[in-house]
Amino acid sequence: MSRRLLVLSVAMTGCVATDVGNPQTNEPVVSTEAVVRIEAFEESLPNALTLQDGVVLTHAWLATSRVHLRSCDAEDPPEVNNAPDGTVNNATNGDTTGADGDDLDVESLNVTDLLSGTSFPNALAVGGTGRSFCGFEVEVRPLEDGEVPAGAPPELAGYSMLVRGLRKDGNPFVVRATLDATMELDGQILLSADSPNELVLGFAVNGWVTQGDLAALIGDPIVIDEASNSELYDAFEDTVVASPRLFRNVVGGAPIAR
C-alpha cells in the first residue's frame, strides 16, 4: 500500500476463555472482539501528511455513522484472502457464512482525525469474527447540532468532513463538506476467529485537493465548501467517494474489496 493513504483499521482479535490455573488450549474460540480504529500514517511527518505535489494536510476529520458487511450467498461460498502475502486463494477458515448468513450491521457515530488517529467518543467495536462476507460499506453523514462528541472540533456541526491544510506556498485552506454517502466496496472478506488480523480501509488522498486546484484561489484561509469554490468542492466530494479500498494489512497486499 502507498504511504499516502488515510486508513480505517479494523482490528480483529479472537480470545479464548479459560478457568484460572488451566492452560489455554486449541479449543474453538468462544468469545471474539473486533475493534475499528481510524487513523493515518506518514513515515516522516507523524502529525501531518505531505502529498506528492507539495500540499500538506494538517487535519482530516471524518464522521462515520455505520459500518455494514454484506453476507455471502450460502450456495456460493466466496474465495477468501487469508494468504500471508495478501493474495486471494480458495482456502476457508471454518464456517464461511456464519450460522444464519446474516449481514453484520453496526450503527455507531464516530468522529476521527485520520492524521492523528484520534477518535471520539471511542473506537468502534464490532463482531462477526469467524465469518466471511462479500461486501463492505461505510456511511458518512453530516453531524447534527448536539452530535459533535467531546474532543472533536465544534466546527464539525453541520458537516461530515473537515479538512485543513497548507498550499505549497504555505497559504492555509479548509474544506468543509456536507458529504452524505454510503461508500460500497465489493470483495471477499474473511474475519478470522483463530488469530489476530487486521483489515484496512484506505482512502487515497492524493487527489482530494491538489496544488493545481489551489494555485489560483485566494483567501486566508482559502475556503472550499458548497458556497465557496463550489466547483472544486463538488470535485472533492466525487474524489472522496471514489477513493476507498479495503486491504488486508500486509506489505504490498492487493485490495480485497474496491
Side-chain angles (χ1 to χ4, degrees), residues 4-9 36-42 47-51 55-68 106-124 136-167 171-185 201-211 213-214 217-245:
R4 295 182 176 88
L5 290 175
L6 300 188
V7 296
L8 167 65
S9 297
V36 178
R37 72 179 188 273
I38 304 178
E39 62 180 29
F41 57 93
E42 165 58 35
N47 294 315
L49 191 68
T50 301
L51 305 184
V55 172
V56 176
L57 300 183
T58 57
H59 295 89
W61 290 94
L62 176 72
T64 57
S65 59
R66 177 174 171 263
V67 172
H68 181 81
V106 180
E107 294 192 21
S108 180
L109 185 63
N110 285 75
V111 176
T112 300
D113 181 6
L114 293 98
L115 298 182
S116 68
T118 306
S119 184
F120 302 97
N122 297 297
L124 174 64
F136 184 94
E137 301 174 3
V138 60
E139 290 188 4
V140 175
R141 69 162 175 82
L143 300 178
E144 299 178 3
D145 290 341
E147 282 191 320
V148 180
E155 303 96 299
L156 263 172
Y159 300 101
S160 55
M161 298 182 69
L162 181 65
V163 177
R164 296 187 183 276
L166 303 172
R167 195 168 58 185
N171 197 90
F173 67 88
V174 57
V175 183
R176 298 190 293 242
T178 56
L179 178 65
D180 190 342
T182 299
M183 303 180 197
E184 301 183 11
L185 299 93
L201 180 64
F203 290 85
V205 298
N206 298 62
W208 280 14
V209 182
T210 68
Q211 177 63 23
D213 295 332
L214 297 169
L217 302 183
I218 59 174
D220 187 13
I222 297 166
V223 176
I224 302 168
D225 59 20
E226 290 181 303
S228 303
N229 300 301
S230 58
E231 289 186 7
L232 179 54
Y233 171 76
D234 290 341
F236 170 85
E237 276 202 349
D238 291 342
T239 303
V240 169
V241 170
S243 64
R245 301 288 185 270

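From a predicted model like this one, the values you see are computed outputs, not experimental measurements.
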- Query: Hey, mind stepping through V148 and V111 against side-chain contact (heavy atoms from CB on, under 4.5 Å) and telling me if it holds?
  - Reply: CA-CA 8 Å; V148 180; V111 176; 5.8 Å; no

Between [X] and [Y], is any pair of side-chain heavy atoms under 4.5 Å apart?
| X | Y | result |
| --- | --- | --- |
| T112 | L62 | no |
| D225 | V175 | no |
| L162 | H59 | no |
| T64 | E139 | no |
| L57 | L115 | yes |
| R176 | V163 | no |
| T239 | E237 | no |
| L185 | E137 | no |

- Does the side-chain contact (heavy atoms from CB on, under 4.5 Å) test come out yes or no for L49 and V205, once each step is laid out? CA-CA 9 Å; L49 191 68; V205 298; 3.5 Å; yes

Non-hydrogen atoms of [X] and [Y] that approach each other most closely:
| X | Y | answer |
| --- | --- | --- |
| D180 | P142 | CB-CD, 3.9 Å |
| P244 | A242 | CD-C, 3.5 Å |
| A60 | D113 | N-OD1, 3.1 Å |

[atom2] on [Y] to [atom1] on [X], rounded to 0.5 Å:
| X | Y | atom1 | atom2 | value |
| --- | --- | --- | --- | --- |
| D213 | F173 | CG | CZ | 9.5 Å |
| S243 | D238 | OG | CG | 11.0 Å |
| L214 | N171 | CG | CG | 8.5 Å |
| N229 | I218 | CG | CD1 | 9.0 Å |

Check: [Y] main-chain N/O paired with [X] side-chain donor or acceptor under 3.5 Å:
| X | Y | value |
| --- | --- | --- |
| S160 | L179 | yes |
| N110 | P121 | no |
| T58 | R164 | yes |

- Return the set of residues passing ring-ring contact (aromatic ring centres under 6.0 Å, His included) with F236 (not counting sequence neighbours), or none when no residue passes.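 Here the qualifying residues are W208.
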
- Would you check, one step at a time, whether the test side-chain contact (heavy atoms from CB on, under 4.5 Å) holds for Q211 with R167? CA-CA 6 Å; Q211 177 63 23; R167 195 168 58 185; 3.3 Å; yes

- Task: Show the numbers, then the answer: is there a side-chain contact (heavy atoms from CB on, under 4.5 Å) between R66 and V138?
- Result: CA-CA 6 Å; R66 177 174 171 263; V138 60; over 6 Å; no

- Please report the C-alpha distance between E226 and T178 in whole Å, then the side-chain angles of each, then the deciding distance to 0.1 Å, and finally whether the side chain to side chain donor-acceptor pair (under 3.5 Å) criterion is met. CA-CA 8 Å; E226 290 181 303; T178 56; 3.3 Å; yes

- Begin with the C-alpha distance, continue with both residues' side-chain angles, and end with the deciding distance and a verdict on side chain to side chain donor-acceptor pair (under 3.5 Å) for Y159 and E155. CA-CA 8 Å; Y159 300 101; E155 303 96 299; over 6 Å; no

